[in-house]
> 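Structure below; questions to follow.
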Amino acid sequence: MVETKAAWKRIVARAIAEYIKEKGSPVQAPAPESVVLERPPKPELGDFGFPMFPYAKLLRAAPAQVAAALAAIVARDPEAARLGAALPEGPYLNVRLARGPEAAAVLAAAASASWGRTGSLAGKRVLVEFSSPNTNKPLHLGHLRNNVLGESLSRILGAAGAELRKVNHINDRGIHICKSMLAYERYGEGRTPAQEGLKGDHFVGKYYVLFNKLKEEDPKAEEKAQAMLLAWEQGDPAVRALWQKMKDWVMEGIKETYARTGVSFTLYDFESDTYDLGKREVLRGLESGVFFRQEDGAVSVKLEDVGLDTKVLLRKDGTSIYITQDIGTAIARHEDWPYDRLVYVVGNEQKYHFQVLFEILKRLGFGWASDLHHLAYGMVNLPSGRMKTREGTVVDADDLVDEVAALAAKEIEAKGREGAVGDLAAVAEKIALGALHYYLLQTSPMKDILYDPELSLSFTGDTGPYIQYMGARASSIIRKHEGGEGNAAKGKAEPALLGSDADWALISRLAAFPEAVDAAAAGLEPSALAGYLHDLAADFGTWYRDNPVLANPDANLAASRLELVRAVRRTFEAGMGLACIPFLESM
RNA sequence: GCGUUCGUAGCUCAGCUGGAUAGAGCGACGGACUUCGAAUCCGUAGGUCGCAGGUUCGACUCCUGUCGGACGCACCA
């Protein structure tokens, strides 16, 4: 299909050149790549069309007149004749593809192991940093959005052929960590997560919340936390031991959540290892005059000329801050594994931070600074207000998955399908993840999400389970065929038989799958892929109702349609995988 | 105050690099299960695309201004 489009652009460019020659006009014909191709609003108008407005202006003729003239020229083109027909439609030149050959090509492509693997980013190295939790509490709904964005984007980039590194930058040091440690010392009595029957991250998170109680009891609690941070930095053995123990608990719990939701990483970076990294770079920048030393001794950079403010990079006591560390890690990562692109999946409240960071790296002379990208995403708001730990209104990630899974299980039982699905709990969990991930992915990243529990828990309409359901229905047809039902086995698949408008609508949709992958990869937008999957599900939903597959009396048509269903199923499997929506044979 | 960003149907959202009557889902109303699972399908109602200018043959899409919301403007992360 992609090849077909490129071919038609060439044909139209050729026709325009021919038309210019016929008219004896001195203007230059457009390059094939510059020819605008679009999809007509209604399928009856054709498979794609070319607006004639720009050429009308160029050639000083009415658009409709140009369309008619070009149609006549294209009609004489032997390559065009093989691929379809071009018809003038007002100011547009519309193309109707030859359905038989195109259907055969799509079914063959969908049957290959590389279906959906486009190669548009072949040879490119992309590093994706995402999730990046703190080690003092469990993951919440906001992390779920971050995780699914990062994971899905990574899979999409991988499908486009990129070589990937998925990095999780763990914030395991700082005052907030010390607070949970202090509270644990006061209230923990040496207990372990196992003893309290809690996941490690929930266990530690409990003590982080208990710090509020500690503050009421002890007015010096904040000071003690500061003192503990200092002791940690100086390597106090007792503090370090407790820190390590609690960090291990949290990491173990968080990794469970990752495993459960299908998120994985190539490697983990710990801030405790990297927080000193950028110092040397900053001092070098000071020597080369990129930065300057303030009167009080702090090292800063003036960014007013690019519309940013002066930013401190080293405190007056010489210690590094957040951005110093990010400078260091970006450089270290590039030295370690020269990437063509680095994508930070981080909330949009840090947009300014990344603008500053990228500008600084540019000034330090790193050409690759222009390859850095902040994939910013909006907050997940609750109807009651902002999600912040301190306000106690967070939605815990594990609890949420549990809750949705319980509802899914109830739904399966309500439909009396416990027997059909096999492992009820496992299927319910997959439906829950499908629902949650699709809900979080469908909205474009920059927009804030108003978390509506009812909507996110619903399984009907424009949801993940709707897509899963269509995948399951396709599977069901194939399963019945394999069980010996229907006429397909008696016939021979002939793609040319799939020429009806209904068949064609579905085949065109399948053909667009690689384009959807590329669009999502190029724009760093998993939502584009989520949208595609919904469209595919809707098209299949309409098609299978009106087009009997196995029961079709014409055995060859049955066999052909079965091939189409197989292609649909393969597309669901591949596409849903990229969107972190579990594929289900039955639900 | 300055900066960034969002503002599309009652609600939640799509709308590709500007292009042919602005699309889904939920909710409302009306239909379709002796026929491959109705978590489905079909139909009806509902929008001056926040507002005002501008660029263009053509603007939901680009530019300027304006109103409203969110976020940011630390030697915190």
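The figures that follow rest on heavy atoms only: side chains count, while hydrogens, waters and symmetry mates do not. Letters go in sequence order (proteins before strands), and every chain restarts at 1.
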> From the set B:C36, B:G19, B:A39, return the single nucleotide nearest to any side-chain atom of A:Tyr544.
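Among the listed nucleotides, the one closest to the side chain of A:Tyr544 is B:C36.
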
> Tell me the interatomic distance from A:Asp462, atom CG, to B:C11, atom C1', rounded to whole angstroms.
14 Å

> I want to verify a distance call: between B:C36, B:A39, B:A20, whose nearest atom is closest to the A:Pro465 side chain?
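For A:Pro465, the side-chain atoms sit closest to B:A39.
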
> What's A:Asn94 touching, base or sugar-phosphate or nothing? Going by heavy atoms closer than 4.0 Å.
base

> Please tell me if A:Lys57 has a side-chain N or O lying less than 4.0 Å from either OP1 or OP2 of B:C57.
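Answer is yes, contact under 4.0 Å.
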
> State plainly whether the residues A:Glu563 and A:Arg566 are in salt-bridge range, i.e. N to O under 4.0 Å.
yes

> Does a side-chain N or O from A:Ser586 land closer than 4.0 Å to OP1 or OP2 of B:G37, or not?
no

> Starting at atom CG of A:Leu450, determine the distance to atom C1' of B:C6, rounded to an integer number of angstrom.
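From A:Leu450 CG to B:C6 C1': 14 Å.
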
> Whole angstrom is fine here: how far is it from NE2 in A:His353 over to P in B:A77?
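Rounding to the nearest Å, NE2 of A:His353 and P of B:A77 are 10 Å apart.
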
> Let's see if you can work this out: which of B:C57, B:A70, B:A39 has an atom nearest to the side-chain heavy atoms of A:Asp448?
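Closest nucleotide to the A:Asp448 side chain: B:A70.
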
> Counting side-chain heavy atoms from CB outward, which of B:A20, B:A38, B:A74 is closest to A:Pro41?
B:A20

> Would you indicate what A:Ala298 reaches in the nucleic acid, counting non-hydrogen atoms under 4.0 angstrom: base, sugar-phosphate, or nothing?
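Counting heavy atoms under 4.0 Å across all strands, the contact made by A:Ala298 includes a base.
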
> Do we count A:Phe53 as stacking onto B:G58 if the rule is ring centres under 5.5 Å and planes under 30°?
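Whether judged by distance or by angle, A:Phe53 falls short somewhere, so it does not stack on the base of B:G58.
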
> What is the distance from CD of A:Gln350 to P of B:A74, rounded to the nearest Å?
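It works out to 14 Å between those atoms.
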
> With sugar-phosphate meaning primed atoms plus P, OP1 and OP2, does A:Ser476 contact a base, only sugar-phosphate, or nothing at under 4.0 Å between heavy atoms?
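The answer is base, as A:Ser476 lies within the cut-off (heavy atoms under 4.0 Å) of a base atom.
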
> Hey, is A:Glu585 close enough to A:Arg569 for a salt bridge, meaning N to O under 4.0 Å?
yes

> When you get a sec, tell me which of B:A77, B:G19, B:U21 is the closest nucleotide to the side chain of A:Lys42?
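The answer is B:U21, which lies nearest to the side chain.
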
> Using a 5.5 Å cut-off between ring centres and planes within 30 degrees, is A:Tyr352 stacked on the base of B:G3?
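Whether judged by distance or by angle, A:Tyr352 falls short somewhere, so it does not stack on the base of B:G3.
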
> Counting side-chain heavy atoms from CB outward, which of B:U40, B:A39, B:G37 is closest to A:Phe459?
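Nearest to the side chain of A:Phe459 among the choices is B:A39.
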
> Determine whether a donor-acceptor pair (one donor, one acceptor, N or O, separation below 3.5 Å) exists between the side chain of A:Asp309 and the base of B:A74.
no

> Syn or anti: how is B:C33 classified when any glycosidic angle within 90° of 0 counts as syn?
syn

> Ring centroid separation for A:His534 and A:Tyr466, is it under 6.0 angstrom?
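Under 6.0 Å, so yes.
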
> Would you call A:Arg509 and A:Asp535 a salt bridge, taking side-chain N to carboxylate O under 4.0 Å as the test?
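Judged by the 4.0 Å cut-off on N to carboxylate O distance, A:Arg509 and A:Asp535 do form a salt bridge.
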
> Out of B:C41, B:C36, B:C13, which has the shortest distance to the side chain of A:Leu550?
B:C36

> Regarding A:Leu314, tell me which of base, sugar-phosphate or nothing describes its non-hydrogen contacts under 4.0 Å with the strands shown.
nothing

> Answer yes or no: does a side-chain N or O of A:Arg545 lie under 4.0 Å from OP1 or OP2 of B:A38?
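So the side chain of A:Arg545 is within the cut-off, an N or O lying under 4.0 Å from OP1 or OP2 of B:A38.
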
> Select base, sugar-phosphate, or nothing to describe what A:Lys415 touches, counting heavy atoms under 4.0 Å on all strands.
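Counting heavy atoms under 4.0 Å across all strands, the contact made by A:Lys415 includes a base.
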
> Side chain of A:Lys447, heavy atoms from C-beta onward: which of B:A39, B:C73, B:C6 has the nearest atom to it?
B:C6

> Test: salt bridge (Lys or Arg N to Asp or Glu O under 4.0 Å). Region: residues 415-439 of chain A. Which pairs qualify, not counting sequence neighbours?
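For residues 415-439 of chain A, and leaving out neighbouring residues, the salt bridge (Lys or Arg N to Asp or Glu O under 4.0 Å) pairs sorted by first residue read A:Arg260-A:Glu429, A:Glu411-A:Lys415.
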
> I want to verify a distance call: between B:A24, B:G37, B:C36, whose nearest atom is closest to the A:Val549 side chain?
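That would be B:C36.
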
> So, OP1 or OP2 of B:C41: does either fall under 4.0 Å of a side-chain N or O from A:Tyr466?
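So the side-chain polar atoms of A:Tyr466 do come within 4.0 Å of the phosphate oxygens OP1 or OP2 of B:C41, strictly under.
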
> Among the candidates B:G37, B:C36, B:C73, find the nucleotide nearest to the side-chain atoms of A:Met587.
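Looking only at heavy atoms from C-beta outward on A:Met587, the closest nucleotide is B:G37.
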
> Do A:Gln294 and A:Ser300 have side-chain N/O donor and acceptor atoms under 3.5 Å apart?
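Present: a donor and an acceptor within the cut-off.
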
